[in-house]
Asker: 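So that we are looking at the same thing, I have put the structure below in structure tokens.
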Amino acid sequence: MTSGAPHLLIDAGNSRVKWAMVQANGAQIAAGALAHGGADQAAWSDQWTSQWSTLPAPDGAWLSNVAGDAVAARIAARLDAQWPHLPLVTIRARARQCGVINSYTTPHALGSDRWAGMIGARAAFPGEHLLIATFGTATTLEAVRADGRFVGGLIAPGWTLMMRSLGEHTAQLPTLDAHAARGLLGGGTPEVARGPFFATDTPRSLSAGCTLAQAGLIERTWRDLQDEWQVPVRLVVGGGAADEVASALKVPHTRHDSLVLSGLALIASERASEHGA
């Protein structure tokens, strides 16, 4: 790897791929995102080319991938086409890394996105007790003590997945996508945030019910965690559905949408230091 060259960071989630290129000191050079390629892989590759064509050559790429082997293979091929022989590190959760201690029974079974997100959150809010809520295809929760110990978490269906599941498994309910549901919620306006969300038609009842289900899970977990630990806990929220769910939350929370990429940057820097880059 070239000393002083930037790091390329890639967060491959279930719905889309986010990326950032950062300098060795963590300063961001560029960032972007795109949906998974679907059937038109040529168009998907063209989008990557347009986003990466003017970037400097990185010293390596660090990938968090929870989207499966096919997506990983496409990303690797796109990297090799853009920067032949570029080193690619696919991260895995460890027992300990970058100040975070993993209490999972099998540490490497923890999702790489959750692991990198905790590393990013601890760096963003040092010395604080944290509850991290990420609203993606799945809704995930991680409880992290101020000393960096990840004590455990929860996984639930995400906001969009809840709505789609109801539509697909009931005879008379519509199948709502995120775009349609956002319109029904009023785009996160103050009127929506006040609740109580009771609706007078089925689509609005469905979208509001799934929103409150998400918010209720987060609020209950946050309150229980503070009761158990007897200390203030910062609730950090992010992810594709964070706008919608956060509009319904009635507890203090902090928005952060780049925790995984931030964690990847720290992992890349630690690795570079270990190798004397």
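What you see is a predicted model, and the numbers here were worked out from it, not measured in a lab.
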Asker: For Met162, is there any backbone N or O sitting under 3.5 Å from a side-chain donor or acceptor partner on Ser165?
Answerer: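 Checked: no pair found.
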
Asker: Find the distance between CD1 (Ile132) and CZ (Arg122) and round it off to the nearest 0.5 Å.
Answerer: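 Ile132 atom CD1 to Arg122 atom CZ measures 11.0 Å (nearest 0.5 Å).
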
Asker: Taking salt bridge (Lys or Arg N to Asp or Glu O under 4.0 Å) as the test, write out the residues that go with Arg223, two or more places apart.
Answerer: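 With neighbours one apart ignored, the set is Glu219.
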
Asker: Test side-chain contact (heavy atoms from CB on, under 4.5 Å) on Ser269 and His7 and set out the steps.
Answerer: CA-CA 8 Å; Ser269 295; His7 307 316; 4.2 Å; yes

Asker: Is there a path of hydrophobic side-chain contacts, each under 4.5 Å between heavy atoms, that joins Val66 and Met118?
Answerer: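 Cluster IDs for Val66 and Met118 differ.
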
Asker: Just by modelled atom types, is the Val233 backbone N or O under 3.5 Å from a matching donor or acceptor in the Gln226 side chain?
Answerer: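 Between the backbone of Val233 and the side chain of Gln226 there is a qualifying donor-acceptor contact (under 3.5 Å).
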
Asker: Quick one: pull up CD in Gln23 and CD in Gln28 and give me the separation to the nearest 0.5 Å.
Answerer: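 Spacing of CD (Gln23) from CD (Gln28) equals 10.5 Å.
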
Asker: Distance-only check: which donor-acceptor pairs under 3.5 Å involve side-chain atoms of residues 90-97, not counting sequence neighbours?
Answerer:
from: Gln97; atom 1: OE1; to: Trp115; atom 2: NE1; distance (Å): 2.8

Asker: Please confirm whether the backbone N or O of Pro107 pairs with a side-chain atom of Asn102, one donor and one acceptor, at under 3.5 Å?
Answerer: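 It does hold such a pair.
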
Asker: Looking at Asn65, is its backbone amide N or carbonyl O close enough to the side chain of Asp113 to form a donor-acceptor pair, meaning the two atoms are under 3.5 Å apart?
Answerer: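 Not confirmed, Asp113 side chain does not pair with Asn65 backbone.
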
Asker: Hey, what do you get for CG (Asp147) to NE2 (His129), rounding to the nearest 0.5 Å?
Answerer: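 It is 8.0 Å, given to the nearest 0.5 Å.
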
Asker: Calculate, to the nearest 0.5 Å, the distance between atoms CZ and CH2 belonging to Arg145 and Trp229 respectively.
Answerer: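 That separation rounds to 5.0 Å.
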
Asker: Only distances under 3.5 Å count here; give the side-chain donor-acceptor pairs of residues 257-267 to other protein atoms, sequence neighbours excluded, each with its distance to 0.1 Å.
Answerer:
from: Asp257; atom 1: OD1; to: Gly239; atom 2: N; distance (Å): 3.4
from: Asp257; atom 1: OD1; to: Arg255; atom 2: NE; distance (Å): 3.0
from: Asp257; atom 1: OD2; to: Arg255; atom 2: NE; distance (Å): 3.0
from: Asp257; atom 1: OD2; to: Arg255; atom 2: NH2; distance (Å): 3.2
from: Ser262; atom 1: OG; to: Ser258; atom 2: O; distance (Å): 2.8

Asker: Does CD in Gln172 sit with more than 12 non-hydrogen atoms of other residues, nucleotides or ligands closer than 6.0 Å?
Answerer: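 Open: at most 12 neighbouring heavy atoms sit under 6.0 Å from CD of Gln172.
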
Asker: Using every non-hydrogen atom in the two residues, find where Thr221 and Leu217 come nearest and quote the distance to one decimal.
Answerer: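 Where Thr221 meets Leu217 most closely, the heavy atoms are OG1-O, 2.7 Å.
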
Asker: With sequence neighbours excluded, tell me which residues meet side-chain hydrogen bond (donor to acceptor under 3.5 Å, both in side chains) with Thr139.
Answerer: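 By the side-chain hydrogen bond (donor to acceptor under 3.5 Å, both in side chains) rule, Thr139 matches Gln214.
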
Asker: What residues, two or more places apart in sequence or in another chain, satisfy side-chain hydrogen bond (donor to acceptor under 3.5 Å, both in side chains) together with Arg220?
Answerer: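 Result, side-chain hydrogen bond (donor to acceptor under 3.5 Å, both in side chains) vs Arg220: Asp224.
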
Asker: Classify the angle between the aromatic ring planes of Trp48 and Trp19 as parallel (below 30°), tilted (30 to 60°) or perpendicular (above 60°).
Answerer: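 The rings of Trp48 and Trp19 sit tilted, inter-plane angle from 30° to 60°.
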
Asker: Is it possible for you to say whether Leu141 and Val251 belong to one hydrophobic cluster, with membership spreading through side-chain heavy-atom contacts below 4.5 Å?
Answerer: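 Hydrophobic grouping puts Leu141 with Val251.
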
Asker: State whether the number of non-hydrogen atoms from other residues, nucleotides or ligands found under 6.0 Å of Asp227 atom CG is greater than 12.
Answerer: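 Above 12, so yes.
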
Asker: Just jot down the salt bridge (Lys or Arg N to Asp or Glu O under 4.0 Å) partners of Asp201, sequence neighbours excluded, or say none.
Answerer: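 Per chain and number, Asp201 pairs via salt bridge (Lys or Arg N to Asp or Glu O under 4.0 Å) with Arg204.
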
